[in-house]
Amino acid sequence: MALKSPTGGGLLDGAWWPRSRDLAAELPSLAEALGPLWGRITRVAVNPMLWPVVPRKVTVRDHVLKIGWFTPELDPHKLLLLSYGTGRWDLLVIPPETDGASADRLMAAACDPDGPALTATALIAAETARHDDITVDDRARSTEESWEDEGGATSAHAATTAHVATVPHGASATHAVAPAAAVRAAVVTRGR
């Protein structure tokens, strides 16, 4: 869990990284940790899209925590916490399966003193896209991907071979030699 300074602004008040998607098991420890900071948490609202089971109540030591769910009104990656007479807090919920480095970045973004510029779901989507970009860039390209990306030639072949491009009709009856990038540009231009 990471919490923003009480003077911070924005859409989120912090981030929570539960160990599982079991609300009945996860919420008591969250409510106990937040109690001394925010007062007794009495109600929680979630979007059930990412939680397999949403219990109506959970016992937290000496009180009952009531849980509600709202599908269209509440961001699926956000947890709304209410404390009787004290206030409301919105936490980014980091999916349990998130790796440590991504969770750290998400917690830092949610706790930005100026407030994250993105909603909870947009933060998760941006991190997922970042992670997917790294994964795609880091893996070796298959022969078929090289074929598609290099205009029908494998990357090794394309790097060492020039392509023959036809000069537009009427300009000359000869053929000109062009690099692969120029051929791809010509094909894209003709296709429009």
Side-chain angles (χ1 to χ4, degrees), residues 1-140:
M1 171 183 10
L3 302 175
K4 186 185 294 187
S5 163
T7 59
L11 301 173
L12 298 168
D13 298 300
W16 178 47
W17 188 20
R19 290 183 169 92
S20 72
R21 292 189 184 272
D22 183 354
L23 278 173
E26 299 290 338
L27 283 176
S29 61
L30 177 66
E32 284 183 34
L34 292 174
L37 302 168
W38 291 349
R40 177 185 281 186
I41 304 298
T42 56
R43 294 184 180 272
V44 175
V46 299
N47 183 317
M49 187 170 119
L50 300 176
W51 302 100
V53 176
V54 179
R56 293 175 51 112
K57 298 177 185 175
V58 172
T59 302
V60 179
R61 281 197 192 202
D62 59 348
H63 72 283
V64 174
L65 183 62
K66 294 181 181 177
I67 304 166
W69 57 270
F70 303 93
T71 307
E73 299 90 1
L74 191 60
D75 188 318
H77 293 282
K78 187 165 77 171
L79 185 74
L80 180 125
L81 302 159
L82 298 170
S83 177
Y84 180 73
T86 309
R88 166 194 168 146
W89 296 273
D90 296 300
L91 295 181
L92 168 69
V93 178
I94 300 170
E97 60 276 2
T98 304
D99 66 87
S102 292
D104 288 344
R105 283 189 295 275
L106 287 165
M107 285 189 210
C111 292
D112 184 337
D114 296 328
L118 303 172
T119 63
T121 292
L123 278 174
I124 296 289
E127 182 60 31
T128 301
R130 180 186 185 284
H131 189 267
D132 289 348
D133 286 346
I134 290 170
T135 304
V136 168
D137 291 342
D138 287 348
R139 70 179 168 81

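From a predicted model like this one, the values you see are computed outputs, not experimental measurements.
Taking all atoms of both residues into account, the shortest heavy-atom contact from Ala103 to Ile94 is O-CD1, 3.7 Å. Closest approach of Leu27 to Leu79, counting heavy atoms only: CD2-CD2, 4.3 Å. Shortest non-hydrogen contact noted between Ser83 and Gly39 is OG-C, 3.5 Å. For the residue pair Ile124 and Pro95, the shortest heavy atom distance occurs at CD1-CD, 3.7 Å. Closest heavy-atom contact between Gly14 and Ala110: O-CB, 3.6 Å. Considering every non-hydrogen atom in both Ala15 and Leu91, the closest pair reads N-CD2, 3.9 Å.
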Query - Residue pair Val93, Leu50: steps toward the side-chain contact (heavy atoms from CB on, under 4.5 Å) verdict - result: CA-CA 10 Å; Val93 178; Leu50 300 176; over 6 Å; no
**Report entry** Working for side-chain contact (heavy atoms from CB on, under 4.5 Å), residues Leu11 and Thr119
**Finding:** CA-CA 7 Å; Leu11 301 173; Thr119 63; 4.2 Å; yes
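In this structure Lys78 satisfies the side-chain contact (heavy atoms from CB on, under 4.5 Å) test together with Leu12, Leu74, Asp75, Arg88, Asp90, Ala120, sequence neighbours excluded. In this structure Asp114 satisfies the salt bridge (charged side-chain N to carboxylate O under 4.0 Å, His left out) test with no other residue, sequence neighbours excluded. By the side-chain contact (heavy atoms from CB on, under 4.5 Å) test, Ala31 is found to be paired with Ile41, Val60, Leu65, residues two or more places apart in sequence or in another chain being considered. By the ring pair (Phe, Tyr, Trp, His ring centres under 6.0 Å) test, Trp51 pairs with no residue at all, sequence neighbours left out. With sequence neighbours excluded, the residues satisfying side-chain contact (heavy atoms from CB on, under 4.5 Å) with Ala33 are Met1.
Evaluation of the salt bridge (Lys or Arg N to Asp or Glu O under 4.0 Å) test over residues 31-56, restricted to residues two or more places apart or in two chains, returns Glu32-Arg61, Arg40-Asp62. The stretch residues 95-117 participates, sequence neighbours left out, in no ring-ring contact (aromatic ring centres under 6.0 Å, His included) pair at all. Every pair tested for salt bridge (Lys or Arg N to Asp or Glu O under 4.0 Å) that includes a residue from residues 115-126 fails, sequence neighbours excluded, so the list is empty. A side chain to side chain donor-acceptor pair (under 3.5 Å) check over residues 12-24, counting only residues at least two apart or in different chains, returns the pairs Ser20-Glu26, Arg21-Glu97. Note on residues 52-103: pairs passing ring-ring contact (aromatic ring centres under 6.0 Å, His included), not counting sequence neighbours, are Trp38-Trp89.
Considering CG of Asp99 and CZ of Arg105, their distance stands at 6.5 Å, rounded to 0.5 Å. How far NZ of Lys4 is from CG of Leu92: 10.5 Å, rounded to the nearest 0.5 Å. The distance from atom CG of Leu30 to atom CG of Leu81, rounded to the nearest 0.5 Å, is 6.0 Å. Rounding to the nearest 0.5 Å gives a distance of 8.0 Å between CG of Asn47 and OG1 of Thr121.
Within the 4.5 Å cutoff, no side-chain heavy atoms of Val58 are placed close to those of Leu23.
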